[in-house]
Peer 1: 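Structure incoming, see below.
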Amino acid sequence: MADAEHRLSLEPEKQGLLNRHTEKHFTAGEIVRDIIIGVSDGLTVPFALAAGLSGANATSSIVLTAGIAEVAAGAISMGLGGYLAAKSEADHYRRELKREQEEIIAVPDTEAAEVAEILAEYGIEAHEYAPVVNALRKNPQAWLDFMMKFELGLEKPDPRRALHSAMTIAIAYVLGGLVPLVPYMFIPSATEAVLFSVVVTLVALLIFGFAKGYFTGNKPLRSALETTLIGAIASAAAFGMAKAFHP
């Protein structure tokens, strides 16, 4: 809404340029981050658990039962963690917003000097930023938004962010966690099922790592190999420790 209001105040020529120009930016960063957190943990933790139990000579039914219990508990735990993290960010934003509002009222000259300092850091001369400072002083809401974004580096959080984050992480964890358990649903022998679980999970880690690299702007192939290596090390460590304590 604020962007629309600002655009309405532009000159018709500039408004026309903006209307004709569409920039393609990836703006789903928070959702992708939550999916990455959920899927990466979901693929790795149950995978390591299943490998460890298989190494301890447990049956497929025991591995499957323990795995499903872990996936359920992990999804709840991870989802709650995402909810609390997002809620903490929103609470922090509200506290800083209130503090900044009070400072604009109590010490407007100091806050105006801070605006000037911020603009000067971008190489804007005093005679150039003075009108901007004066314009912001006449518009308290815009002044407040400017200070929150450029002084504190804080963006207004989506009020539904906490719930969305919790649901996204939990669902992603469940989807990732079920992958290494699928072979145990069809193969009674855990020693055989673990081999198929390793293959299926490593392939899933490769695909997930590639997608993660693609969407985060990193090298997809390198991301795929790193993600797969981490999962392989975790499962190998769990399997080895189980064999060491339960030959």
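Sequential numbering from 1 along the given sequence is applied to the chain's residues.
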Peer 1: In sequence, state the C-alpha distance, the side-chain angles, and the governing distance for Thr227 and Phe210, and then conclude on side-chain contact (heavy atoms from CB on, under 4.5 Å).
Peer 2: CA-CA 9 Å; Thr227 304; Phe210 188 91; over 6 Å; no
Peer 1: Side chains of Val199 and Leu195: closer than 4.5 Å at any heavy-atom pair?
Peer 2: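 The answer is no; the side chains never approach within 4.5 Å.
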Peer 1: For the hydrophobic clusters of this structure (ILVMFWY residues joined by side-chain heavy atoms under 4.5 Å, transitively), does one cluster hold both Tyr83 and Val39?
Peer 2: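 They do not share one cluster, since no chain of ILVMFWY contacts under 4.5 Å joins Tyr83 to Val39.
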Peer 1: Run the side-chain contact (heavy atoms from CB on, under 4.5 Å) check on Val200 and Val182 step by step: do they pass?
Peer 2: CA-CA 9 Å; Val200 170; Val182 170; 5.8 Å; no
Peer 1: Just wondering, are more than 12 heavy atoms of other shown residues or ligands nearer than 6.0 Å to CZ in Phe196?
Peer 2: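 Not buried by this count: 12 neighbours or fewer within 6.0 Å.
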Peer 1: Given the rule that I, L, V, M, F, W and Y join up when any side-chain heavy atoms are under 4.5 Å apart, are Val174 and Leu163 in one cluster?
Peer 2: no
Peer 1: Under the side-chain contact (heavy atoms from CB on, under 4.5 Å) criterion, do Val71 and Leu181 qualify, and how do the steps go?
Peer 2: CA-CA 10 Å; Val71 169; Leu181 300 179; 4.0 Å; yes
Peer 1: Measure across Leu53 and Ala66 and return the closest heavy-atom pair with its distance rounded to 0.1 Å.
Peer 2: CD1-CB, 3.5 Å
Peer 1: Which pair of non-hydrogen atoms, one from Ala50 and one from Tyr184, has the smallest distance, and what is that distance?
Peer 2: O-OH, 3.5 Å
Peer 1: Only pairs at least two apart or in different chains count here, so list each salt bridge (charged side-chain N to carboxylate O under 4.0 Å, His left out) that has a residue in residues 109-118.
Peer 2: Asp109-Arg137
Peer 1: Strictly distance-based, threshold 3.5 Å: is any side-chain N or O of Ser40 a donor or acceptor partner for the main-chain N or O of Ile37?
Peer 2: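 Indeed, once roles are kept as given, a pair shorter than 3.5 Å links the two residues.
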Peer 1: Near Met167 CE, under 6.0 Å, is it more than 12 heavy atoms from other residues, nucleotides or ligands?
Peer 2: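 No - once you tally the heavy atoms of other residues, nucleotides and ligands closer than 6.0 Å, there are 12 at most.
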Peer 1: So which heavy atom on Ala58 is nearest to which on Val63, and how close?
Peer 2: CB-CG2, 4.1 Å
Peer 1: Counting distance only, does the side-chain N/O of Ser223 pair as donor-acceptor with the main-chain N or O of Lys219 below 3.5 Å?
Peer 2: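 The answer is no, because no donor-acceptor pair under 3.5 Å joins these two groups.
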Peer 1: Are Leu119 and Met147 linked, directly or through intermediate hydrophobic residues, by side-chain heavy-atom contacts shorter than 4.5 Å (ILVMFWY only)?
Peer 2: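 Same cluster: Met147 reaches Leu119 through Ile, Leu, Val, Met, Phe, Trp or Tyr contacts under 4.5 Å.
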Peer 1: Looking at Arg99 and Glu103, does any basic side-chain N land under 4.0 Å from a carboxylate oxygen?
Peer 2: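 A salt bridge is absent here (no side-chain N lies under 4.0 Å from a carboxylate O).
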Peer 1: In terms of side-chain geometry, is the basic nitrogen of Asp91 or Lys87 positioned less than 4.0 Å from the acidic oxygen of its partner?
Peer 2: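 Salt bridge between Asp91 and Lys87, a charged N being under 4.0 Å from a carboxylate O: yes.
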Peer 1: Can you run down the salt bridge (charged side-chain N to carboxylate O under 4.0 Å, His left out) pairs that involve residues 162-190, sequence neighbours left out, and say none if there aren't any?
Peer 2: none
Peer 1: Of the non-hydrogen atoms in Ala204 and Val179, which two are nearest, and what is the gap between them?
Peer 2: CB-CG1, 3.9 Å
Peer 1: Could you check whether any side-chain N or O of Ser197 sits under 3.5 Å from a backbone N or O of Ala193, counting only pairs where one atom can act as donor and the other as acceptor?
Peer 2: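 Pair absent, no side-chain N/O of Ser197 close to backbone of Ala193.
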Peer 1: If hydrophobic clusters are built by linking Ile, Leu, Val, Met, Phe, Trp and Tyr wherever their side-chain heavy atoms come under 4.5 Å apart, do Tyr93 and Ile104 end up in the same one?
Peer 2: yes
Peer 1: Using the ring pair (Phe, Tyr, Trp, His ring centres under 6.0 Å) criterion, which residues pair with Phe146? Sequence neighbours excluded.
Peer 2: Phe150
Peer 1: If every non-hydrogen atom of Ser60 is compared with every non-hydrogen atom of Pro188, which pair is closest and at what distance?
Peer 2: OG-O, 2.8 Å
Peer 1: Please check if Val203 and Leu225 belong to a single hydrophobic cluster, counting links between Ile, Leu, Val, Met, Phe, Trp and Tyr side chain heavy atoms closer than 4.5 Å.
Peer 2: no
Peer 1: For Thr228 and Ala224, indicate whether the former's side chain and the latter's backbone hold a donor-acceptor pair under 3.5 Å.
Peer 2: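 Yes: the side chain of Thr228 pairs with the backbone of Ala224.
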Peer 1: Can you check whether Thr191's main-chain N or O pairs, donor with acceptor, with Ser54's side chain at less than 3.5 Å?
Peer 2: no
Peer 1: Of the non-hydrogen atoms in Glu100 and Met148, which two are nearest, and what is the gap between them?
Peer 2: CB-SD, 4.1 Å
Peer 1: Could you check whether any side-chain N or O of Thr65 sits under 3.5 Å from a backbone N or O of Ser61, counting only pairs where one atom can act as donor and the other as acceptor?
Peer 2: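 Between the backbone of Ser61 and the side chain of Thr65 there is a qualifying donor-acceptor contact (under 3.5 Å).
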Peer 1: For the pair Thr168 (side chain) and Asp34 (backbone), establish whether a donor and an acceptor sit closer than 3.5 Å, ignoring hydrogens and angles.
Peer 2: no
